[in-house]
Amino acid sequence: MNLNRVIAIDGPSGAGKSSVSRIVGRKLGFLHVDSGALYRIMTWQCLVAGVDMEDPEAIVAEARKVAIECRPENGEIAYYVGGEAPGDRIRTPEINANASKVARLKEVRDIVTALLRSMTKYGDLVVEGRDIQTAVFPDTPAKFFLTASAEARAARRHREEVEKGIAGGGTDAVKASLLARDKIDSERRYAPLMKADGSIEIDSSNLDLDQVVETVMAALPSDWK
Ligand code: DC
């Protein structure tokens, strides 16, 4: 039996999950796992293969072919496809617009969920996503639901895109794209975005990163720190 620990951090796009998860992981020596990147890789590979994104069967057939190699590296689980790191190729507006169409499919979710569960073999994990506390690791005692206003989330995402040089529009366009994605993610049939019982909700609209990290750290089981 694998006794490695998991911190689950879920919430909508732009709530600050990545920054918080990375810092908490670094403080504790837990590997950071970005589960959204796995759905983005599936989406990217479907687009590269020219799959019709309105055809669920074609998406599932393509997703079954995608081989994602996972390696613990520099405090995180790094992903490789065909020996290459996807990098910003999975952060484009086109992938933003199509990822939730891929992530809503049960067969794709089953593949990603199995991959995520297998990662506990590498060590303790801090996993960010949408269904980590409800579906992937529901038994963990460390569950957090990070939220923020739509305005705060859009402003954050836009800033990140500008910093990376991949901004496709202004804050309003980012907000519209993010709300459209959140709607599908929250209303889908399988493993929708939601807070689990016993999870700690943190609204980061008016908190800085350090305050959110401190809130998470303070709520962890005492023998994890
Ligand atoms: O967090 P992100 O924006 O990189 O996520 C990309 C997409 O994958 C988004 O539509 C939400 C979805 N996702 C999901 O359904 N379940 C997860 N555990 C993580 C992400």
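These numbers were taken from a predicted model, which means no experiment stands behind them. Each ligand, and each atom within it, is numbered from 1 in the order the structure gives.
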Residue-level breakdown please: for [X] versus ligand 1, do any non-hydrogen atoms fall below 4.0 Å on the side chain, on the backbone, on both, or on neither?
X	value
D131	both
R104	neither
R130	both

Out of K101, K17, R40, R91, whose heavy atom is nearest to atom 6 (C) of ligand 1?
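The residue whose heavy atom sits nearest atom 6 (C) of ligand 1 is R40.
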Could you check whether any side-chain N or O of [X] sits under 3.5 Å from a backbone N or O of [Y], counting only pairs where one atom can act as donor and the other as acceptor?
X	Y	value
R156	G14	yes
S149	S205	no
Q45	V66	no

Which heavy atom of the protein is the closest neighbour of [atom], given with residue, atom name and distance?
atom	result
atom 20 (C) of ligand 1	G36 CA, 3.5 Å
atom 8 (O) of ligand 1	Y39 CB, 3.5 Å
atom 9 (C) of ligand 1	D185 OD2, 3.5 Å
atom 19 (C) of ligand 1	S35 OG, 3.3 Å
atom 12 (C) of ligand 1	A103 CB, 3.8 Å
atom 7 (C) of ligand 1	A99 CB, 3.8 Å

Heavy-atom closest pair, residues [X] and [Y]:
X	Y	value
L105	K101	CG-O, 3.7 Å
E73	A78	OE1-CB, 3.6 Å
W224	P141	CZ2-CG, 3.8 Å

Could you list which atoms of ligand 1 come closer than 4.0 Å to a heavy atom of [X]?
X	result
R181	3 (O), 10 (O)
S100	10 (O)
R188	14 (C), 15 (O), 16 (N)
R109	14 (C), 15 (O), 16 (N), 17 (C)

Just wondering, are more than 12 heavy atoms of other shown residues or ligands nearer than 6.0 Å to CG in D52?
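Yes, the 6.0 Å shell around CG holds more than 12 heavy atoms from other groups.
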Between [Y] and [X], does any NZ, NE, NH1 or NH2 come within less than 4.0 Å of an OD or OE carboxylate oxygen?
X	Y	value
D131	R109	yes
K183	E187	yes
R157	D182	no

E128: heavy atom below 4.0 Å from ligand 1, yes or no?
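Not so, E128 does not reach ligand 1.
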